[in-house]
Amino acid sequence: MSAIPHQIIIPFDKATFGMGCFWANDALFGATPGVLRTRVGYSGGNTVKPTYKNIMDHTEVIEIHYDPNAISYEQLLELFWDNHEYGLTTKIKRQYASLIQYHNNEQKSIAEESLKKERIKHKEELRTEIKPAAIFYPAEDYHQKYRLQQHPELCKVLMLTPQLLQESHVAARLNGYIAGLGTEEMLNTDLASFGLPDNYVQYVKKFYMSNKSTGLFC
Ligand code: MHO
């Protein structure tokens with residue numbers, strides 16, 4: 001078996017979003033072209049060392065590393081607006097708040113502009129907050145690539161370590177595909193280059209096909 005191409009080492013930008021339970025958007029962005037890696041965690045609060053059981057004033061967020069030559073911040077924001085677990089106008093506890101954390105002034109103005117456009121589509125006030133990026137506390141290992149981790153044999157073949165759960169490109173992609181996300185074309189191209197044994201290629205395809213119509217869930 002050839003080596004699994006876990007790491008893609010090219011310049012990247014970061015995007016951080018809160019959109020509800022982070023399991024769903026980890027899978028969504030993982031299967032998005034131009035996204036290099038994802039990891040989930042807690043951010044935005046003032047307290048230190050939040051955990052899932054004691055998240056305090058923090059929000060569940062996803063941190064996305066993307067190739068700005070392959071996908072724009074505007075395109076990521078489109079996915080952000082369209083895929084909130086609780087919608088954009090529902091009053092929801094801080095854990096699941098709608099949050100954009102910008103990493104530079106350009107992201108800030110693009111996000112503010114897109115919020116203005118999004119407002120026009122809704123009758124009620126949007127609850128989305130736009131704030132500067134703050135300390136990101138990675139979530140516990142079992143939350144990283146949650147959908148993929150429901151397939152322990154596949155994870156074993158990928159030789160996923162706690163570090164790779166947060167950093168692997170292949171894990172990010174498969175976490176989406178196994179949940180039925182991404183296009184079939186992307187799936188086939190990726191599976192041809194990931195170096196998985198053939199029975200696992202078939203295994204991933206089977207779950208992709210059967211989950212394809214399920215959509216995002218948490
Ligand atoms: N509905 C999920 C939420 C998990 S999420 C990481 C559960 O009941 O466990 O917030």
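Read the numbers this way: they start at 1 and go in the same order the structure lists the ligands and their atoms. Along the sequence shown, the residues carry numbers beginning at 1. All heavy atoms count here, side chains included; hydrogens, waters and symmetry mates do not.
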Nitrogen or oxygen contacts under 3.5 Å, ligand 1 side and protein side:
from: ligand 1; atom 1: 10 (O); to: Tyr52; atom 2: OH; distance (Å): 3.2
from: ligand 1; atom 1: 10 (O); to: Glu60; atom 2: OE1; distance (Å): 3.3
from: ligand 1; atom 1: 10 (O); to: Glu60; atom 2: OE2; distance (Å): 2.6
from: ligand 1; atom 1: 10 (O); to: Tyr96; atom 2: OH; distance (Å): 2.6

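Cation-pi contact between Arg147 and Phe217: present, with separation from the ring centre below 6.0 Å and deviation from the ring axis of at most 45°. With Phe12 as the aromatic partner, Arg37 meets the cation-pi criteria of under 6.0 angstrom to the ring centre and within 45 degrees of the ring axis.
Salt bridge annotation for Glu112-Lys116: absent, with no cationic side-chain nitrogen under 4.0 angstrom from a carboxylate oxygen.
Residue Ser98 is tested with Glu129, Glu85, His84 for a side chain to side chain donor-acceptor pair (under 3.5 Å); the sole match is His84. For the side-chain contact (heavy atoms from CB on, under 4.5 Å) with Leu88, the qualifying choice from Glu118, Glu124, Glu125, Arg127 is Glu118, the only one to do so.
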Enumerate, atom names and distances included, each donor-acceptor pair closer than 3.5 Å involving a side-chain atom of residues 16-26, sequence neighbours excluded.
from: Thr16; atom 1: OG1; to: His103; atom 2: NE2; distance (Å): 2.7
from: Trp23; atom 1: NE1; to: His143; atom 2: ND1; distance (Å): 2.9
from: Asn25; atom 1: ND2; to: Cys21; atom 2: O; distance (Å): 3.4
from: Asp26; atom 1: OD1; to: Thr38; atom 2: OG1; distance (Å): 2.5
from: Asp26; atom 1: OD2; to: Lys145; atom 2: N; distance (Å): 3.0

